[in-house]
K.L.:
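My questions will all concern the structure given below.
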Amino acid sequence: METVSRNFIEVEIDRDLREGVYDHVQTRFPPEPNGFLHIGHAKSILLNYGIARQYKGKFCLRFDDTNPSKEKEEFMQAIIKDVKWLTGDDDVEIRYASDYFDAMYAAAVRLIKEGKAYISTLSAEEIRSYRGTLTEGGKEDPDRNRAPEESLRMFEEMKSGSVPDGAMTLRAKIDMQSGNINMRDPVIYRVAHISHPRTGDKWCIYPMYDFAHPLEDAVEGTTHSLCTMEFEDHRPLYDWVIRESMPEGGTGEGKEWASTPRQIEFAKMYLENIVTGKRYIKKMVEEGIVDGWDDPRLVAVAALRRRGFTPEAIRQFVALSGISKAQSVSDYALLEYCLREDLKCKAPRVFAILDPVRLIIDNYPEGVTEEIGIENNKEAPELGTRKLPFSRELWIEREDFMEEPVKKYHRLYPGNEVRLMNAYIVTCTSCEKDAEGRVTAVHCTYDKDTKSGMPGADKKVKGTIHWVEASSAYTATVRLYENIIDEEKGVYNEEDGSLNLNPDSVRVCEGAKCEPSLKDAQAFDRFQFVRAGYFCVDEKDHTPGAPVFHRIVSLKSSFKLPAT
RNA sequence: UGGGGUAUCGCCAAGCGGUAAGGCAACGGACUCUGACUCCGUCAUCCGAAGGUUCGAAUCCUUCUACCCCAGCCA
């Protein structure tokens, strides 16, 4: 058994367990339902879920729905779908921060009673100017020493609905001179007369993230609150809230909270050159450049799913990417590698010609069709076999013929022998061209003793190409997607608002010739077009009888035709 | 001297005083009825820089440099 090194979070948890700080582990993924999840969230989901599984603890999806002005029910449904898909767990426990509003309110009342929080009547602008700057301390709020009784009364007013938005806030009394701006008497409750998707009009005051989050974690028994680095300097406040709001320390006799959680931060995941900015994507959606957040060229979780990525591949990608505190940018190539690895033994290999040219076997009898038996995937016999028709006229890939071959080219050129996969060895004789000199057909002769499986099939040839029988070929549309990448110039021009996109982000191959088995688009979930990569059916574009196949990921290719 | 954080191969990332794991990418070569896959091999005398401590440092100390985050009644 190989020793796999543990990431720094596991090391911390191990120590907590060893020292008896906790006797179990519980984690959570706490998104605000204000948008779609992307690959970066996948890291957090899988990290939190994975830790819980590994330590035989609990995990939950908790919506951080403390700001009704930004949150939408549709996003909750999308997030639930993505989390279930990524984790493969249909029974994921789902919770809502809004279910704890009563507990949070009670905690705020306690802080007020103990003189640790006060009602401020400063405006937002005033609070900002009183806060000071990055290099200078702040000024104390004139309301800072308001008597607890009065603050309590005013807090009740806020809650009752008689206070207009922005007129009062509840501030924690900490330290206006702190070097950490989060500790300069942060606002912990604000007035917002907005109906909440889940609590309706019950509340018109809502807790701020810094106050709500630690309490949410504590209430539901979270032990390790894993979040990204930008929250690192919120941790002192997180700890302050927990300590100051829990009279018994959360674990004493009259404990009111299920746990005393601990926040640990890790670095976000970024993908090299990949556009993740919401404003850019929003603009692309608005301008019709992409057809939504799940456009296959994007990296939202929904987009990856539609593109045909498997959750297994994404899990592996996150696992291989590693966890650390160092700012990092992952290679898209690693994601592709993970997908190829996953699909390699799952996907049947099928024939399709994306850029077809006719191949005519001049010495093959006319009017004859034979059947060629093929294993769906040699590395996965359980995937079964299928039969393909073969006759005198076939379709082959345009790039599989060169009238004047370049060095190391082993495919068809006059005089060269090539194996037609699973069928015969043919010798190229000539080609036909149209007025512009474009090749319209290739001629060859075959050796009937070289059929696969026959004694004469041992003959070695350097090249092997795939093919599709012409009369039975099934014509489909194939889309080759590339990611919409952010080149060095930037995908979005701040000055004129224009988008700078790679024009080849999608290449459509109309008239691709596929083997007949693909007529039933449902035949295979994901499949590999020989030498073209892995494909699947686009569920959004699927119309019965006319499926659109699109590429999930390319194969590695080590022979490149020289640029013309 | 605002506060916080990070610096190990092109990209991730182990390492925690004993003489630089691993993966991706890349490059050779073998194999191959997919130029895929597989397989073998190569790929940091050096760990942001400079000093110091030590028999010995990426790991300890000092100074410096670069980059990231923070001034929402967002999360």
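The chains referred to below are lettered A, B, ... by the order of the sequence lines, with proteins before strands, and numbering in each begins at 1. The model shown is predicted, which means the values in this text are computed figures rather than measured ones.
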K.L.:
Let's go through A/Phe36 and A/Phe75 carefully: what are the C-alpha distance in whole Å and the side-chain angles of both, what is the deciding distance for ring pair (Phe, Tyr, Trp, His ring centres under 6.0 Å) to 0.1 Å, and is it a yes or a no?
P.N.:
CA-CA 6 Å; A/Phe36 287 81; A/Phe75 293 134; 5.8 Å; yes
K.L.:
For RNA chain B, find the residues of residues 234-241 of chain A with a heavy-atom distance under 4.0 Å and give them by number; none if there aren't any.
P.N.:
A/His234
K.L.:
Between P on B/rC37 and OH on A/Tyr534, what's the gap in Å once rounded to a whole number?
P.N.:
8 Å
K.L.:
NA contact type, A/Thr66, heavy-atom cut-off 4.0 Å: base, sugar-phosphate, or nothing?
P.N.:
sugar-phosphate
K.L.:
How is A/Phe231 classified with respect to the nucleic acid when contacts are heavy atoms under 4.0 Å: base, sugar-phosphate, or nothing?
P.N.:
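Base, at least one base atom sits under 4.0 Å.
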K.L.:
Report the nucleotide, chosen from B/rG35, B/rA25, B/rA14, that has the shortest atom-to-atom distance to any side-chain atom of A/Arg411.
P.N.:
B/rG35
K.L.:
First locate atom CG of A/Asp64, then atom CD of A/Glu216, and finally report the distance between them rounded to the nearest 0.5 Å.
P.N.:
4.0 Å
K.L.:
For the CZ atom of A/Phe535 and the CG atom of A/Leu480, what is their distance to the nearest 0.5 Å?
P.N.:
5.0 Å
K.L.:
Among B/rA25, B/rC69, B/rG3, which nucleotide has an atom closest to any side-chain atom of A/Asn180?
P.N.:
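Nearest nucleotide to the side chain: B/rG3.
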K.L.:
Under 30°, 30 to 60°, or over 60°: which ring-plane class applies to A/Tyr209 and A/His234, parallel, tilted or perpendicular?
P.N.:
perpendicular
K.L.:
Using nucleotides 27-30 of chain B, report all nitrogen or oxygen pairs with the protein that are shorter than 3.5 Å.
P.N.:
none

K.L.:
Over how many whole Å does the gap from A/Met229 atom CE to B/rG3 atom C1' extend?
P.N.:
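After rounding, the gap between these two atoms is 14 Å.
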K.L.:
Answer yes if the ring centres of A/Phe317 and A/Phe309 are under 6.0 angstrom apart, and no otherwise.
P.N.:
no
K.L.:
What does A/Ile323 touch in the nucleic acid at a heavy-atom separation under 4.0 angstrom: a base, only the sugar-phosphate, or nothing?
P.N.:
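A/Ile323: backbone/sugar contact only, no base atoms under 4.0 Å.
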K.L.:
Is any side-chain nitrogen or oxygen of A/Lys378 closer than 4.0 Å to OP1 or OP2 of B/rU38?
P.N.:
no
K.L.:
How is A/Arg128 classified with respect to the nucleic acid when contacts are heavy atoms under 4.0 Å: base, sugar-phosphate, or nothing?
P.N.:
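Sugar-phosphate, no base atom in range.
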K.L.:
Figure out the CE/C1' separation between A/Met183 and B/rG72, and round it to whole Å.
P.N.:
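To the nearest whole Å, that distance equals 18 Å.
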K.L.:
Under a 3.5 Å cutoff on both atom distances, Watson-Crick or G-U, what's the dot-bracket for RNA chain B ([ ] crossing, | other strand)?
P.N.:
.(((((((.[[[..)..(...]]].(((((.......))))).....[[[[[..)....]]]]])))))).....
K.L.:
Is A/Glu341 touching bases, backbone alone, or none of the nucleic acid, heavy atoms closer than 4.0 Å?
P.N.:
sugar-phosphate
K.L.:
Give the ring-plane orientation class for A/Tyr424 versus A/Phe390, where under 30° counts as parallel, over 60° as perpendicular and anything between as tilted.
P.N.:
tilted
K.L.:
Got a donor-acceptor contact below 3.5 angstrom from the A/Asn416 side chain to the A/Arg411 backbone?
P.N.:
yes
K.L.:
Between atom OG of A/Ser328 and atom CD of A/Glu272, what is the distance when rounded to the nearest 0.5 Å?
P.N.:
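It comes to 11.0 Å.
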K.L.:
For A/Met421, which contact category applies under a 4.0 Å heavy-atom criterion: base, sugar-phosphate, or nothing?
P.N.:
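Contact class for A/Met421: base.
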K.L.:
Name the closest nucleotide to the A/Ala326 side chain, picking from B/rG3, B/rA13, B/rC73.
P.N.:
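When the side chain of A/Ala326 is considered, B/rA13 is the closest of B/rG3, B/rA13, B/rC73.
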K.L.:
Ignoring hydrogens and geometry beyond distance, is a side-chain donor-acceptor pair present between A/Tyr270 and A/Gln327 at under 3.5 Å?
P.N.:
no
K.L.:
Between A/Gly179 and A/Ala457, which residue's closest nucleotide on RNA chain B lies nearer the 5′ terminus?
P.N.:
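Closer to the 5' end of RNA chain B: A/Gly179.
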K.L.:
Counting only side-chain N and O atoms of A/Lys268, is one of them less than 4.0 Å from OP1 or OP2 of B/rC68?
P.N.:
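No.
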K.L.:
Give the nucleotide from the list B/rA36, B/rU6, B/rA25 with an atom nearest to the side chain of A/Tyr337.
P.N.:
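Ranking B/rA36, B/rU6, B/rA25 by closest atom to the A/Tyr337 side chain puts B/rA25 first.
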K.L.:
Over all strands shown, is A/Thr133 touching base, sugar-phosphate only, or nothing at heavy-atom distances under 4.0 angstrom?
P.N.:
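Base contact.
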K.L.:
Using whole Å, what does the distance between atom C1' of nucleotide B/rC74 and atom CE of A/Met208 come to?
P.N.:
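The answer, rounded to whole Å, is 7 Å.
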K.L.:
Could you tell me how far apart A/Arg6 (CZ) and B/rG15 (C1') are, to the nearest whole angstrom?
P.N.:
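The distance from CZ of A/Arg6 to C1' of B/rG15 comes to 16 Å, rounded to the nearest Å.
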K.L.:
Whole angstroms only, please: what is the CE-C1' distance between A/Met269 and B/rC12?
P.N.:
9 Å
K.L.:
A/Leu134 has a side chain; which of B/rC73, B/rG35, B/rA71 sits nearest to it?
P.N.:
B/rA71
K.L.:
Mind checking if A/Thr169 touches a base, just sugar-phosphate, or nothing, with heavy atoms under 4.0 Å?
P.N.:
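Answer is base: heavy atoms of A/Thr169 come under 4.0 Å of a base.
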K.L.:
Pick the C1' atom in B/rU63 and in B/rG41, then give their distance to the nearest Å.
P.N.:
44 Å
K.L.:
Which part of the nucleic acid does A/Lys70 contact within heavy-atom distance under 4.0 Å: base, sugar-phosphate only, or nothing?
P.N.:
base
K.L.:
A/Leu555 has a side chain; which of B/rC12, B/rA36, B/rG72 sits nearest to it?
P.N.:
B/rA36
K.L.:
Regarding A/His466, tell me which of base, sugar-phosphate or nothing describes its non-hydrogen contacts under 4.0 Å with the strands shown.
P.N.:
nothing
K.L.:
Can you tell me if the side-chain N/O atoms of A/Arg340 get under 4.0 Å from OP1 or OP2 in B/rA36?
P.N.:
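Checking A/Arg340 against B/rA36: no side-chain N or O falls below 4.0 Å of OP1 or OP2.
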K.L.:
May I ask you to decide if A/Ile119's main-chain N or O and A/Ser151's side chain share a donor-acceptor pair within less than 3.5 Å?
P.N.:
yes
K.L.:
Give the intermediate values and the outcome of ring pair (Phe, Tyr, Trp, His ring centres under 6.0 Å) for residues A/His410 and A/Phe559.
P.N.:
CA-CA 10 Å; A/His410 302 310; A/Phe559 180 80; 7.3 Å; no
K.L.:
Please state whether the phosphate of B/rG4, meaning OP1 or OP2, lies under 4.0 angstrom from any side-chain nitrogen or oxygen of A/Lys325.
P.N.:
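No.
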K.L.:
I need the A/Ile372 CD1 to A/Lys451 NZ distance, nearest 0.5 Å.
P.N.:
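Answer for the CD1-NZ pair, A/Ile372 versus A/Lys451, is 4.5 Å.
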K.L.:
Is A/Tyr209 stacked on the base of B/rA75, with ring centres under 5.5 Å apart and planes under 30° apart?
P.N.:
no
K.L.:
Output, in order, the C-alpha distance, side-chain angles, deciding distance and verdict of ring pair (Phe, Tyr, Trp, His ring centres under 6.0 Å) for A/Phe231 and A/Tyr238.
P.N.:
CA-CA 10 Å; A/Phe231 292 105; A/Tyr238 182 100; 10.0 Å; no
K.L.:
Mind checking if A/Ala124 touches a base, just sugar-phosphate, or nothing, with heavy atoms under 4.0 Å?
P.N.:
base
K.L.:
Could you check B/rG41 for me: syn (within 90° of 0) or anti?
P.N.:
anti
K.L.:
On RNA chain B, nearest-nucleotide positions of A/Asn182 versus A/Gln528: which is more 5'?
P.N.:
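That would be A/Gln528.
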K.L.:
Evaluate the criterion ring pair (Phe, Tyr, Trp, His ring centres under 6.0 Å) for residue pair A/Phe527 and A/Phe549; output intermediate values, then yes/no.
P.N.:
CA-CA 10 Å; A/Phe527 46 88; A/Phe549 302 123; 5.4 Å; yes
K.L.:
Which nucleotide sits closest to the side chain of A/Ile181: B/rA71, B/rU38, B/rU32?
P.N.:
B/rA71
K.L.:
For A/Asp233 and B/rG5, what is the distance between atoms CG and P respectively, to the nearest whole Å?
P.N.:
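In whole Å, B/rG5 P lies 9 Å from A/Asp233 CG.
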K.L.:
How close or far is atom P of B/rA71 from atom CD of A/Glu125, stated in whole angstroms?
P.N.:
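Going from CD in A/Glu125 over to P in B/rA71 covers 16 Å.
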K.L.:
Determine the contact category for A/Ile425: base if any of its heavy atoms lies under 4.0 Å from a base atom, sugar-phosphate if only primed atoms, P, OP1 or OP2 are that close, otherwise nothing.
P.N.:
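Nothing, no heavy atom under 4.0 Å.
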K.L.:
Quick one: label A/Arg131 by what it contacts on the DNA or RNA (base, sugar-phosphate, nothing), any heavy atom closer than 4.0 Å.
P.N.:
sugar-phosphate
K.L.:
Determine the contact category for A/Asp64: base if any of its heavy atoms lies under 4.0 Å from a base atom, sugar-phosphate if only primed atoms, P, OP1 or OP2 are that close, otherwise nothing.
P.N.:
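Sugar-phosphate, no base atom in range.
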K.L.:
Checking A/Tyr118 against A/Asp185 for the side chain to side chain donor-acceptor pair (under 3.5 Å) test, could you report, in this order, the C-alpha distance in whole Å, the side-chain angles of both residues, the deciding distance, and whether it holds?
P.N.:
CA-CA 9 Å; A/Tyr118 58 94; A/Asp185 288 13; 2.6 Å; yes
